[in-house]
Participant: 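After the structure tokens below, expect a handful of questions from me.
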Amino acid sequence: MKCLLCLLISLLWLTPAVARAGDPTFAGEWDTTFGRMTLEADAAAVHGTYAVAGGAVNEISGTLTGLTWEFTYTEPGVEGEGSFTLAADGQNFTGRWREKGAGHWQPWTGRRPAAAAGGFSGVWKTTFGPMRLVQNGTAVTGCYHFQGQAELEGTVKGGALKITYTEPTGVKGSAEFTLSKEGKSISGTWKTNDGKQGGEWNGTRVPPVAGRSWLVVLEAHWESNLQQPEYSYGDMLRQFFTRVPGISVRHRYFDDRDDFATWCAELPYLNEPAVVYVASHGSPEGITVGKTVLSGEFIGRQLRHAPEVKLVHLGSCLTMSGPAPAALRKACDRPLPVSGFTKVADWAGSAVIDFAYLDLILSRGMAPGEAVRQISKSVTFAGEQEAPGSAIKPAGLKIVE
């Protein structure tokens, strides 16, 4: 009898469908490739919802075997499948997905929100302006806004974060922070490398606003003389998305590299998913403003501390026909989706494409890659090939993910 009882206990212990207290679980909230995901787990069944860039709420459900969850998902007008594998510490997962019937798998990853994971990652309101920290294991990188964008990097050891910083004026120094037990505040001290200045440096966590997402329009002035009337994609987009609850549109003009960098320096402190739309003339090397080309590498460097930027759409001719997208993604140091046009796009045609494309993403919660595929199917002049009898030339809408 004793041996039989031991056997039954062993079988229950080894059964993968039954989660034991303390086991890693998919249950809870996740920041993922395609927005915030909320999951519930009941033995081997896992189900929940996710929203891309604060858009429509999409359903996801499936079955768990060990640490691997095989699922199906439903988005507006499309269904798909995939699988996630949970890390042993339960703080992140890796996975893949594809539309039903498609042959190509694409990556989908997730991590616990910083506050839930107990890390330093997130946006902080501090003694010296807003701060963005990104923690990866024990390594931390980030920036803060004090007399311009200051850079920092550091390491977490023994519960304390030690950083070095460089400010725009050239001042360099170090600081050490400790995180409060509830993860909502940091306290610390700082000093310059020459030891002549120092003091306290404290901050409070800025929580994300539920249901909010951003459309940031950075636009070059199109007019070159007084004879030309004002024209603006950004003004039209702001009015268009006024109808959509939760979408915050910010429209700013840039006239040179410094202007562009100044506005991009604000992006790290957006605490909810954001789409950046750049409206300007373009070339295979990047976007153009006046006689200056802002290369893909330059654009990417401006975005490297802005993890909530989920898509960059280059609303410019030819930008997807050369090295700009790859250079942007490399400089950004993460697999940021980049979309735009391979051809010289018609003014009216590109407006139709951009409005419909952004609407699918922001209003309907569609993933950017799927939105490109849907627009290419629905708008005859969106693709690479010219439609017979079409008055509008093809724009060559393309995305790199």
Side-chain angles (χ1 to χ4, degrees), residues 28-40 47-61 73-80 108 110 113-116 122-123 125 130 132 205-219 232-253 263 266-279 303 306-313 315 336-337 339 351-375 378-379 399:
E29 292 196 337
W30 299 90
D31 288 329
T32 84
T33 308
F34 300 111
R36 179 59 64 89
M37 179 181 291
T38 303
L39 299 175
E40 296 180 4
H47 61 91
T49 60
Y50 64 96
V52 180
V57 176
N58 308 303
E59 303 287 336
I60 186 168
S61 62
Y73 66 85
T74 303
E75 295 182 359
V78 64
E79 294 181 348
W108 191 349
V123 177
K125 182 180 179 181
R132 162 68 74 172
R205 188 184 293 277
V206 180
V209 177
R212 171 190 273 181
S213 58
W214 299 87
L215 172 61
V216 178
V217 182
L218 301 179
E219 185 168 15
S232 172
Y233 280 102
D235 287 344
M236 292 187 291
L237 283 165
R238 182 190 293 112
Q239 295 300 322
F240 181 74
F241 281 106
T242 297
R243 79 192 204 287
V244 184
I247 306 297
S248 296
V249 180
R250 296 293 184 269
H251 175 215
R252 301 292 185 267
Y253 287 104
W263 296 124
E266 301 288 333
L267 295 173
Y269 314 114
L270 298 184
N271 212 12
E272 300 82 21
V275 172
V276 174
Y277 172 82
V278 183
L303 302 173
E308 292 298 341
V309 173
K310 308 301 183 184
L311 169 70
V312 174
H313 181 59
L336 177 66
S339 58
V352 170
I353 293 168
D354 288 346
F355 276 59
Y357 173 53
L358 293 173
D359 187 67
L360 288 179
I361 296 169
L362 293 168
S363 302
R364 307 178 189 228
M366 192 172 289
E370 178 58 28
V372 167
R373 288 186 284 274
Q374 288 292 329
I375 293 299
S378 304
V379 182
I399 188 168

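Scope of the values below: all heavy atoms of this structure, side chains included, with no hydrogens, waters or symmetry mates. Here the structure is a predicted model, which is why all the values come from computation and not from measurement. For this chain, numbers begin at 1 and follow the sequence in order.
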Participant: For Asn58 and Tyr73, indicate whether the former's side chain and the latter's backbone hold a donor-acceptor pair under 3.5 Å.
Facilitator: no
Participant: Side chains of Glu219 and Ser232: any donor to acceptor distance under 3.5 Å?
Facilitator: yes
Participant: With sequence neighbours left out, write down each residue that passes ring pair (Phe, Tyr, Trp, His ring centres under 6.0 Å) with Trp263, or none if nothing qualifies.
Facilitator: none
Participant: Which pair of heavy atoms, one from Val217 and one from Gly234, lies closest together, and at what distance?
Facilitator: CG1-CA, 3.8 Å
Participant: Does the side chain of Ser213 come within less than 4.5 Å of Leu362's, by heavy atoms?
Facilitator: yes
Participant: Kindly indicate whether the side chain of Trp214, heavy atoms from C-beta on, has any atom under 4.5 Å from the side chain of Val249.
Facilitator: no
Participant: Check the side chains of Tyr269 and Glu308 for a donor-acceptor pair under 3.5 angstrom, ignoring hydrogens and angles.
Facilitator: no
Participant: For Thr49 and Ile60, work out which heavy atoms get closest and say how close.
Facilitator: N-CG2, 4.1 Å
Participant: Measure the shortest side-chain to side-chain distance between Tyr277 and Leu215 over non-hydrogen atoms and say whether it is less than 4.5 angstrom.
Facilitator: yes
Participant: Search all heavy atoms of Ser363 against all heavy atoms of Val244 and return the closest pair with its distance.
Facilitator: OG-CG2, 3.4 Å
Participant: Does any N or O in the side chain of Arg373 come within less than 3.5 Å of the main-chain N or O of Pro368, such that one atom is a donor and the other an acceptor?
Facilitator: no
Participant: List for me each residue that meets side chain to side chain contact (heavy atoms under 4.5 Å, CB included) alongside Val209, sequence neighbours excluded, and say none if there are none.
Facilitator: Arg212, Glu272
Participant: Of all heavy-atom pairs between Glu75 and Ala367, which one has the smallest distance, and what is that distance?
Facilitator: OE1-N, 3.9 Å
Participant: Contact between Glu29 and Met37 at the side-chain level, heavy atoms closer than 4.5 Å - yes or no?
Facilitator: no
Participant: His251 versus Asp235: any side-chain heavy-atom pair under 4.5 Å?
Facilitator: yes
Participant: Are the side chains of Leu39 and His47 in touch, meaning some heavy atoms are under 4.5 Å apart?
Facilitator: no
Participant: Would you confirm whether the ring centroid of Tyr50 sits within less than 6.0 angstrom of the ring centroid of Trp108?
Facilitator: yes
Participant: Please, which pairs that meet salt bridge (charged side-chain N to carboxylate O under 4.0 Å, His left out) have at least one residue in residues 242-253, sequence neighbours excluded?
Facilitator: Arg243-Asp359
Participant: Checking side chain to side chain contact (heavy atoms under 4.5 Å, CB included) for the pair Leu336/Leu311: CA distance, chi angles, key distance, verdict?
Facilitator: CA-CA 6 Å; Leu336 177 66; Leu311 169 70; 5.6 Å; no
